[in-house]
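First the structure, in the form of structure tokens, and then the observations on it.
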Amino acid sequence: MRITFPYMGHSHWVFRQLLSELGHEPIVPPSPTKRTLDYGTRYSPEFACIPFKVLLGSYLEAIELGAEAVVTTGGVGPCRAGYYAPLHQRILADLGYEIDIIVLEPPLRNMKEFYRQLRKLIPPGIGIGNLLCILHRAWVKLNAIDHLERLSHQIRPRELERGRTTRVFRKCLELIGAARTVSEINVAREEGVRLLTEIPIDREKELLKIGIIGEIYVVLEPFINHNVQILLEGMGVLADRSIYLADWVRGNALVPGEKDIKRAARPYLKELVGGHGLNSIGETVLYARRGFDGVVQLAPFACIPEIVAKSIIPSVSRKLGIPVLTLFLDEQTGEAGIKTRLEAFVDLLLQKKRKGAGAQWNQVTWA
Amino acid sequence: MESGYLGIDVGSVSTNLVVIGSEADVLASVYIRTQGNPIGAIQRGLIMVAEELADRVEIKAVGTTGSARNLAGVVVGADLVKNEITAHAVASIHSVPGVKTIFEIGGQDSKIIILRDGIVTDFAMNTVCAAGTGSFLEHQATRLGIPIEKFGELALAAKNPVRIAGRCTVFAESDMIHKQQTGHRVEDIIAGLCEALVRNYLNNVGKGKELLPPFVFQGGVAANAGIRAAFTKALGTEAIVPEHYMVMGALGVALLAKEEAESRHGFATAFRGFAAGKLQYQVGSFECEGCPNRCEVVNLRMEGKTLAYWGDRCGKWSNLS
């Protein structure tokens, strides 16, 4: 089958390999652009959130490239995202595309259903041993990509030549993308580490530390969040992202995880509020404990779980003394508004940090 | 020649220029309409300031702010480019020492800034909706056929302000039209609109913030007596409107430029001089096809020569300049 999947950050390198090793033809949707957004907004209900619209747009683009089926994940708890796959399917059907959407719900919640859906993807010829090998390779690849990306985020705020890390990291992704076997992936990973650590950096530079939290899709897909992590890094900030796909898979699909996050959230929120609402609270607490200077919350406009989190965050913020900036993201492609808020937030954090030490307003400028 | 420090704030609706002297006293202040042409507005502003003081003041440093701050920075040759939230806070602290809450309502943006002990501890800005900004008030004034300058005066003449929905400007507008069609007096509608705007602003932008006096109210909308009265009513106390409330962003960035010049040894300004008001500038843009990001890259040329590129994420173009 020609199968497509949601485009999210750099994960397509993994899904591409996984699907082709299962004997399918992977149709990689183009990375989201204004065209994706045009398609998505044209055929989505107006009130749907931005992840819904971008996904619909990229499914349509993938269909143009010949996709016959979509594989995606389901949502957890009281969040609209749980209904998104059936809704996507209906919209596509109304547009005349009879596309099968295979929804993989987190297996820890319903193993049987997960297996039933997964069966659709596995051709009869593949034995269990072989299947495990294929899954293992994909897992190794995903971890390698996350590892290199994490490293790039350590290096970028210190780079001496602007843009160098981004270019090198793109090269790393190509290396990993081309590697097939576990040993090839490991070689590519080491080569990537070498390339990244060779970038000239300023080791002495003092960096602010900001954590990025929020709804998974807007956190992971730079097109929607205006590259917020890289924007912050350009302002001399060590920006740590709370979600990496490998961690998320480990915590939601393999072993029950994220317990520390839920425990940290407990004094403020005990209930699952859907999506990543509970995580947003817990992660804010954890970042405060780890001595971060601030937190940026990313939320799709009108996302209920994140709205719930946003209304609780001020009390976390007051109690633990960690400033939080919430950015609601929607269709806007203009970056200026986001930049202004981030710059002002960075100023605020610098001020706070230097409060005792004769603070000067203009110690940092970004011309 | 006297030393002067120039601050330029290029916003969506207005472009403001302020020159301060060595004692941080305001020597010149200009407020003009941006009218969708930021470069033209900056140039007109420069010419106006030059006419006023070019023969007696020497510009030692320049700062830019506002949504077109980067563009403005390249056009005039700025020493410092700063976001408008910080610039507004600096000007406010300078004008009203001890300020704890700043309400700033401009043409397209409204923000709230919380300060404690002279530093910003929290801020918020309207996000997806432009409800409750100067543009909306202006639009309604035009629709009612009232000059915006008369708006405040009329609001104060209201006897029974009507209740108008504040959540969204689209709802507010239809609510207003309904009230108008049922025969309410225009004064009462305007006063109701002012109250709705303030209510909306405090509930939306100010949500979850601890609002403590002294309050400062600045930005173009602070000129409106109706809005000022609505704030007093909602807060139970008056918000201070500083003398230069219209040009606080420009004042703030002028103060920052002055500080920058004075704190650095051997500082020399990058200012192109008031002559920049008469040069030929052209902007162009293109979509970079170097990678799937497809960044919209802008390039600015002065007298046919490229000055700068920006808008790319990787530095491929912006590193050229």
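Excluded from the calculations below are hydrogen atoms, water molecules and symmetry mates; all remaining heavy atoms, backbone and side chain alike, are included.
Ring geometry for B/Tyr201 versus B/Phe103: interplanar angle over 60°, hence perpendicular rather than tilted (30 to 60°).
Between chain A and the options B/Lys209, B/Lys207, B/Glu84, the largest number of non-hydrogen pairs under 4.5 Å is found for B/Glu84.
With contacts defined as side-chain heavy-atom distances shorter than 4.5 Å, the pair A/Ile322/A/Leu349 does not qualify.
For the pair A/Arg241 and A/Glu149, the salt-bridge criterion is met [side-chain N within less than 4.0 Å of a carboxylate O].
With a 4.5 Å cut-off on non-hydrogen atoms, A/Leu325 touches chain B through its side chain but not through its backbone. Within the 4.5 angstrom heavy-atom criterion, no atom of A/Lys310 approaches chain B. The parts of A/Arg162 that come within reach of chain B are both its backbone and its side chain, each placing non-hydrogen atoms under 4.5 angstrom from that chain. Contact annotation for B/Thr64: neither backbone nor side-chain heavy atoms come within less than 4.5 Å of a heavy atom of chain A.
Less than 6.0 angstrom separates the ring centroid of A/Phe169 from the ring centroid of A/His10.
How far NE2 of A/His226 is from CG of A/Leu298: 10.0 Å, rounded to the nearest 0.5 Å.
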